[in-house]
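All of these numbers come straight from a predicted model, not from anything done at the bench. Convention: sequence-line order gives letters A, B, ...; per-chain numbering from 1.
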Amino acid sequence: MLDPAYIRDHVEEVRTGLRNRGLDSDKALEEIATLETARRRIIPELEGLRRQQNASGDQIAQAKRQGKDATAIQEANKARTVQIKQLGFQLDSIEYQRTSAAMVLPNLPHASVPVGKSADDNVEVRRHGEPRTFDFQPQPHWDLGPALGIIDFERGAKLAGARFTVLSGAGARLSRALINFMLDLHTREHGYREVEPPFLVNSAALTGTGQLPRFEQDLFKIAGEWDLYLVPTAEVPLTNLHRGEILDGRELPIRYTAYTPCFRSEAGSYGQDVRGLIRQHQFDKVELVKLTTPESSYDELESLTANAEEVLKRLELPYRTMLLATGDMGFSASKTYDIEVWLPSQKTYREISSCSNTEAFQARRANIKFRAAGTGRAEFVHALNGSGLAVGRTLIAILENYQEKDGSVTIPTALRPYMDGKERISK
RNA sequence: GGUGAGGUGGCCGAGAGGCUGAAGGCGGCGGUUUGCUAAACCGUUAUACGGGCUAAAACCUGUAUCCAGGGUUCGAAUCCCUGCCUCACCGCCA
């Protein structure tokens, strides 16, 4: 959430930032500014009344102790109590409206983010590895996988419907190997603490990271009287671990990694990536989350992105890293790098990780603060997140990039210790 | 699912209508002492939102906050209702 007080005092700056994201927010900003002003008119009035009430309350107490009559003061207070209650409800209503309006606005882009309408305006910042040249026609994974008997789309559909898939045999094993490989890398070498969170989260957590209230249609909600949703990403439980806390500044940065399945309804994505494992209702992901100070958050974004890229380097998969333009960024992000892996069958780079600095946007929603060394004021942390990596898409990339003419797939060297030393998947 | 007991500051724990932002202890921070460490002693120690002062802070001041939301009352941490959560026991169960 953007700070309503900041919006009031910097309407033009906020308007420009949101316009760069392709959003016409004039009405919303005006509403927030107006509500904020109204709020600051009511607060002193209300507090003045309460102050009088407190003072005469003391008078009553004193009179009673001395055995005097205090009926007159009591009567005056009675009237004022009604007034205070009414004004209090009015203030609650204004604050509710103000927060509701602010909650649906996305984050402001960082100054280093290229202004642009769409993914076409994203900027490539680096590229690693050479796409392999094939002396045969490389197959897409949706042909390779079923042919090897390790991916079963039909049976996935039988069990749960479209966009659900069964991995079996070496496919299931490869997926588990990838999860372990990624978690080991991030915990042993990159300093992240491994977490196994709940795979269901409540609405408060989803509000903290920004999925709610605006994107409920993208989530799977548990039926019945439960306030629970399937996690769309481990970013939600990991970032919310410290919701409502004030952290010791000396503990920062805090780095968490978790493997979770992720569940997304993919509402409105009909027709996109209908084939294969690219876009599923359920997929596995190893996530990276950092909570840090405002001073260090952009350095931490660079290292977090590098941590995710390292997975691809070790797996010897060609990728490029894109700096997203203002129009292509997610709701909560101030700045985002997408890592895209080469897919030979599509002859293109496809997103396999998205690494973002949300600055104080999520921290304000989730109320996560820190206090600099010992004393000092509590202020909002900066929260970062990134995929490290999406497991299903990594599996696709391995199948497609490491395929051989006979339809078998070589297992990347780095992964072999996790596959009982196996070098190849074949029929 | 049933029954019972509870939710007070970073933690433990008192308070049972006004004198309580809240005793006491622990922890944290600052200091005294010390060759260093420990111990001891002294001081200090919540958050949010307003107002004042300010370049900005510091600071001063007000209001709110004892799980949350309602209610009773001139006045609620304290009484009543609802919800949420925790613990214990029973049942069921990986």
### Message
Please name the nucleotide paired to B:rG4 by Watson-Crick or G-U wobble geometry with both distances under 3.5 Å, or report none.
### Response
B:rC87

### Message
I want to verify a distance call: between B:rG28, B:rU47, B:rG51, whose nearest atom is closest to the A:R250 side chain?
### Response
B:rG28

### Query
At under 4.0 Å between heavy atoms, what does A:K64 touch on the DNA or RNA strands: base, sugar-phosphate, or nothing?
base

### Summary
Rounded to whole Å, CG of A:D3 lies from P of B:rA48 at a distance of 12 Å

### Minimum-distance nucleotide to A:Q53 side chain [options: B:rC74, B:rG50, B:rU72]
B:rC74

#### Entry: Mutual orientation of the aromatic rings belonging to A:H242 and A:Y256 [parallel < 30°, tilted 30-60°, perpendicular > 60°]
parallel

### Query
Rounding to a whole Å, what distance do you find between A:N367:CG and B:rU47:P?
12 Å

### Task
Pick the C1' atom in B:rG6 and in B:rC60, then give their distance to the nearest Å.
41 Å

### Query
With a 4.0 Å cut-off, would you call A:R350 and A:E400 a salt bridge?
no

### Query
What integer distance in Å separates A:I246:CD1 from B:rA46:C1'?
7 Å

### Query
Any chance the side chains of A:R155 and A:T165 put a donor and an acceptor closer than 3.5 Å?
no

### Strand partner of B:rA40, provided both Watson-Crick or wobble distances fall under 3.5 Å
B:rU32

### Message
Can you check the distance between B:rC92 and B:rU82, where both ends of the measurement are the P atom (answer in whole Å)?
### Response
31 Å

#### Entry: Sugar-phosphate only, base, or nothing, as touched by A:R40 at under 4.0 Å among non-hydrogen atoms
sugar-phosphate

#### Entry: Rounded distance (Å) that lies between atom P of B:rG10 and atom CG of A:L247
13 Å

### Query
Can you tell me the Watson-Crick or wobble partner of B:rC92, both distances under 3.5 angstrom?
none

### Query
Does one side chain, of A:T321 or A:E124, offer a donor that lies under 3.5 Å from an acceptor on the other?
no

### Message
Let's see if you can work this out: which of B:rG18, B:rU47, B:rG50 has an atom nearest to the side-chain heavy atoms of A:A378?
### Response
B:rU47

### Message
Applying the Watson-Crick and G-U wobble criteria at under 3.5 Å, what pairs with B:rA55? Answer none if nothing qualifies.
### Response
none

### Query
Which value, in whole Å, describes the distance between the C1' atoms of nucleotides B:rC49 and B:rA39?
44 Å

### Query
Rounded to the nearest Å, what distance is computed from the CG atom of residue A:L91 to the C1' atom of nucleotide B:rC49?
9 Å

### Message
Taking atom CD as the centre, does A:E196 end up with more than 12 heavy-atom neighbours from other residues, nucleotides or ligands that are less than 6.0 angstrom away?
### Response
no

### Paired nucleotide for B:rA14 [Watson-Crick or G-U wobble; both distances under 3.5 Å]
none

### Summary
Rounded to whole Å, the NZ-C1' distance (A:K85 to B:rG71) equals 7 Å

### A:R39 with A:E95: basic N within carboxylate O range, under 4.0 Å
yes

### Message
Which nucleotide, if any, forms a Watson-Crick or G-U wobble pair with B:rC79, using both distances under 3.5 Å?
### Response
B:rG71

### Query
What is the base-pairing partner of B:rA22, counting Watson-Crick and G-U wobble geometry with both distances under 3.5 Å?
none

### Query
Say you pick atom P in B:rU20 and the same atom in B:rC87; how far apart are they, in whole Å?
35 Å

### Query
Is it true that A:R15 and A:D26 make a salt bridge, defined as a side-chain N closer than 4.0 Å to a carboxylate O?
yes

### Task
Provide the Watson-Crick or G-U wobble partner of B:rU63, both distances under 3.5 Å; none if there is no partner.
B:rA48

### Summary
Quick tally for nucleotides 59-66 of chain B: nucleotides whose base has a protein heavy atom under 4.0 Å get B, sugar-phosphate-only ones S, the rest -, giving ---BBS--

### Query
If the C1' atom of B:rA22 is compared with that of B:rC84, how far apart are they to the nearest Å?
25 Å

### Message
Of the options B:rC49, B:rU47, B:rC74, whose atoms approach the side-chain atoms of A:N77 most closely?
### Response
B:rC74

### Message
Measuring from the side chain of A:K369 (C-beta onward, heavy atoms only), which nucleotide among B:rG71, B:rG50, B:rU47 has the closest atom?
### Response
B:rU47

### Query
Looking at side-chain heavy atoms only, is the closest gap between A:L304 and A:H190 below 4.5 Å?
no

### Task
Using only heavy-atom distances, determine whether the side chains of A:N54 and A:R51 contain a donor-acceptor pair under 3.5 Å.
no

### Query
Taking the side chain of A:F89 as heavy atoms from C-beta outward, which of B:rU47, B:rG70, B:rG50 is closest to it?
B:rG70

### Query
In whole angstrom, what separates A:R371's CZ from B:rG30's P?
14 Å

### Query
Closest to the A:A61 side chain: B:rG18, B:rC74, B:rC49?
B:rG18

### Query
RNA chain B: A:A5 or A:I73, which has the more 5' nearest nucleotide?
A:A5

### Message
In whole Å, measure the gap between the P atoms of B:rU8 and B:rA14 for me.
### Response
11 Å

### Nearest-angstrom distance from the residue atom CZ of A:F380 to P of B:rU47
13 Å

### Query
Using atom P of each nucleotide, how far apart are B:rG9 and B:rG91 to the nearest Å?
35 Å

### Message
What's the gap between B:rA68 and B:rG7 when it is taken at their C1' atoms, as a whole Å value?
### Response
11 Å

### Query
Is the shortest side-chain N to carboxylate O distance from A:K285 to A:E287 below 4.0 Å?
yes

### Query
A:T71 near the nucleic acid: base, sugar-phosphate alone, or nothing, with a heavy-atom cut-off under 4.0 Å?
nothing

